[in-house]
Every structure is written in structure tokens, then in C-alpha cells.
Amino acid sequence: MDLKIYKDKQEVAKQFSSYFVDQLKDRATFHVALSGGSTPKIVFDVLADNFAGKVDWSKVHFYWGDERCVPPSDDESNYKMTVEHLFSKIDVPEANIHRILGEKDPVNEALRYANLLEINLDRVDKVPQFDLVILGMGDDGHTASIFPHEIALWDAEDHCVVATHPDSGQKRVSINGKVINTAKEVAFLVTGASKAEKVEAVIEKTEGSDAYPASLVNPSSGNLVWFLDEEAASMLNQNPS
Ligand code: 6PG
């Protein structure tokens, strides 16, 4: 596991953008699963601002690790957020954007998306393998849309599952733990003081941390890297501040 701690969100976004572009450089095609929520917004803005014209985006295929079951025009949509902060600023072919169809029936869409991944990606022991999975982590230790109250979804047979947000009841489509842990590279993007307690629990594997889905991220052969700001890392041993 590789821990990268930077002073603030802006620096995390800058460093992650360089890392992301580095990951692409020798690849003919690159399949990446994006995370949603608010953290990626600044990362996508910085990626677009600094690298829009410096990357051959036609070799990048964009997927999502999870999506809210809402129309693509809904402010809750991870796809909509990504269009606003990234796709509207880079020259990426429409055909390279493989959104989860949030407007569809969740169960059918989870099956369709799992099928799409199985067709588009290489497979390792029948599990679709991303070149990179980008993950966020909720204050409750969820990741993608696998929440603590339904942590059993992590080990679901289906590569995409239908999850339910514990507070809002909102339905989500999410990739499962097998897909995440089969990735060649997994990068957590976690910032802010509200994440510090769970970051410490998950990284230092403290008592009870196995209740948090984020603690189950452990790529079988791939690399795991954490991009943290000092606030999110403030309770780690390595970071006495
Ligand atoms: C989502 C995300 C989710 C997110 C965490 C952290 O659809 O909401 O995929 O897993 O990464 O909830 O969200 P923030 O970055 O907004 O704190």
C-alpha cells in the first residue's frame, strides 16, 4: 500500500492528476472506473485544466464504480458531475464514455452494466479487470456504493449490484468487491477532517474496522494507493500533527 499525503485538497488534485496521466502514458487503451460524490470534482477540474490538451483521450475509456439511480440530468448523477467537471473540457469520444444508466430499472441496469464490463474489459478468473479503479470513502467507511449496513454486497456473485443508501434510501448501482480487488491499480481519493477517523481505522486496521467496506479493498495482484490531504490523514501514526 502506498500512502501519499499532501497539504490540502488542491494539492491532492494536482498530484493525482499527474499520477493519472502517468498511468496512461504507455498504454494503447486505458479502462478507468471513476468515483462519484464531491471529492472528484476538484480532481476532474485540475485534470482538465492542466492536461486537457496533453493527453490522447481517445485511448481512455471511462466507466463508473457506482452511480445513483437517477436520470443523467439529475444533480445527484455522478455522470452529470463528471460531464460538468471533466468531459465538457476535454476531447473524449462519446463512445468512450460508458455511463451507468441511472434512469433505468436498477436490477436490469446492474445486469446490463456487469455484462458490458465483461465484454469490454480483460477478465481474470472471469472477473472484469480495470486498469484503474478510483474510489472515494464515505464518513461511514463505505466505498463505491457498498455501505456498512449491506456489506454482504461486497461478496455478491454478480459483478454489479443494486445498493441502497442507508439514510436517503436512494438506489445505487455499484461494482462489487471482486471487481474492485481485481483491478491492476486502485486509488483512494480521500480528503477532509470528517474522514480522518475512518482513514485511521481502515489503514491501521484497528478493532472493528472490518465493518467498513473500505477496509475490504485489497487488490489481489494490483497496487493500492491512497491520496490523502493532511486533514484526512491527521489521525494516522505517520502523521503526528
Ligand atoms: C458516490 C461515491 C461515493 C463517494 C463517497 C465519498 O457515488 O457518492 O462513489 O462512494 O466516493 O461517498 O464522497 P465524497 O467524496 O463526496 O465525500
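Just so you know, ligand 1 is whichever comes first in the structure, and atom 1 is the first atom listed for that ligand.
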Review point. Are more than 12 heavy atoms from other residues, nucleotides or ligands located less than 6.0 Å from atom NZ of Lys184?
Key: yes
**Study point:** Within the protein, residues bringing a heavy atom under 4.0 Å of ligand 1, chain by chain
**Key:** Gly36, Gly37, Ser38, Thr39, Asp66, Arg68, Asn78, Gly136, Met137, Gly138, His142, Ala144, Arg172, Lys195
Exercise for review: Could you give me the CA-CA distance, side-chain angles and deciding distance for Asp74 and Lys80, then say whether salt bridge (Lys or Arg N to Asp or Glu O under 4.0 Å) is met?
Suggested key: CA-CA 7 Å; Asp74 191 302; Lys80 181 173 188 254; over 6 Å; no
**Study point:** Working for side chain to side chain donor-acceptor pair (under 3.5 Å), residues Asn176 and His159
**Key:** CA-CA 5 Å; Asn176 73 356; His159 294 136; 5.3 Å; no
Practice item. Specify whether His98 and Tyr63 have parallel, tilted or perpendicular ring planes, treating 30° as the upper limit for parallel and 60° as the lower limit for perpendicular. Key: parallel
Review point. NZ of Lys14: more than 12 outside heavy atoms within 6.0 angstrom?
Key: no
Point to revise | Geometric class of the Trp226/Phe188 ring pair [parallel <30°, tilted 30-60°, perpendicular >60°] | key: parallel
